[in-house]
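Both ligands and their constituent atoms are indexed starting at 1 by order of listing.
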Amino acid sequence: MKQIALDGPAGAGKSTIARRLAQELQFVYIDTGAMYRTLALACIRKGISSDEEEKVCEAARKARIDIRYLDGMQHMFLDEEDVSAQIRTEEVSKAASDTSKYPEVRERLVALQQELAQRYNVVMDGRDIGTVVLPDADLKIFLTASVEVRATRRYKEYLEKGMEADYEAIKKEIAERDYNDSHRAHSPLRKAEDAVELDTSDLGIDEVTEKILQLYRDRTEGNGQEA
Ligand code: DC
């Protein structure tokens, strides 16, 4: 099966780009952050705090987390309820970043991600896809953008959805999550040695998608410039 791994910090454009790539290549887009978010929501609903490792891991063992595809879009189900919208709050973002540091949580979700990659051609995005989940991916991309650009993107997204937004608060939350995700002991956010780094601060979605498609074609069709 074919695999494209897309890693990077919050707001670098991973999901938008990954969705576009999957559309172009007719691959399945797998949003791994959504899985960590669904578990975080399960913990919040059970009143489990992110620092209660034992309880978080127990919730990870017991929660029925399913991924289903409806009209080509990934939907997350928690105990048979579609929670795709409920996992997008700031509270869930923070809890997902905090609970994803536990090795047992990661083992479970990584196993699920690898299983999907055995069944489908995938574009998978997250923090540890190129380093841990799909170490032999056909192409690994590490997307970055300055914290200001990422915060501005989030801010606009909220306004477009008619939600209230505070730019400074968003910027602070993104900076905290960057620190948290890249400083944990297990599978921290890090560029794989063989990943191509792309700074999207000054690039549009079409440009980034095109660049990655070209890289992918060069790799897989062997029509690159290299000898
Ligand atoms: O990509 P996202 O913002 O939806 O991810 C939410 C959190 O989940 C992120 O802050 C860290 C965690 N995560 C992770 O640890 N590993 C992944 N592969 C994806 C997300």
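- For ligand 1, none of its N or O atoms has an N or O atom of D125 under 3.5 Å away.
- Counting only N and O atoms by type, the side chains of D138 and T220 include no donor and acceptor under 3.5 Å apart.
- A donor atom on one side chain and an acceptor atom on the other are found under 3.5 Å apart for S100 and R184.
- Looking only at protein heavy atoms, the nearest one to atom 1 (O) of ligand 1 is R127 NH1, 2.9 Å.
- Ligand 1 places these atoms under 4.0 Å from at least one heavy atom of S97: 10 (O).
- No hydrogens or angles considered: a donor-acceptor pair under 3.5 Å links the side chains of D181 and S97.
- With no hydrogens or angles considered, a side-chain donor-acceptor pair links R37 and S93 at under 3.5 Å.
- Note: no N/O pair closer than 3.5 Å links D31 and ligand 1 by distance alone.
- Closest to atom 19 (C) of ligand 1, if we only count protein heavy atoms, is T32 OG1, 3.4 Å.
- Side-chain contact check for N180 and E176: no donor-acceptor pair (N or O, by modelled atom type) lies under 3.5 Å.
- The option with the heavy atom closest to atom 20 (C) of ligand 1, from among S182, A34, G33, is G33.
- At least one heavy atom of R106 sits less than 4.0 Å from an atom of ligand 1.
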*Could you go step by step and tell me if R153 and T200 meet the side chain to side chain donor-acceptor pair (under 3.5 Å) rule?*
CA-CA 11 Å; R153 286 179 186 159; T200 69; 3.2 Å; yes
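- Heavy-atom proximity to atom 6 (C) of ligand 1, evaluated over R177, H186, R184, is greatest for R177.
- For atom 8 (O) of ligand 1, the closest non-hydrogen atom of the protein is Y36 CB, 3.6 Å.
- Taking the charged nitrogens against the carboxylate oxygens, E58 and R61 have no contact shorter than 4.0 Å, which rules out a salt bridge.
- The shortest N or O to N or O distance between S100 and ligand 1 is under 3.5 Å.
- With hydrogens and angles disregarded, no donor-acceptor distance shorter than 3.5 Å links the side chain of Y36 to the backbone of A95.
- Looking at R88, R37, K14 and measuring to atom 4 (O) of ligand 1, the nearest heavy atom belongs to R37.
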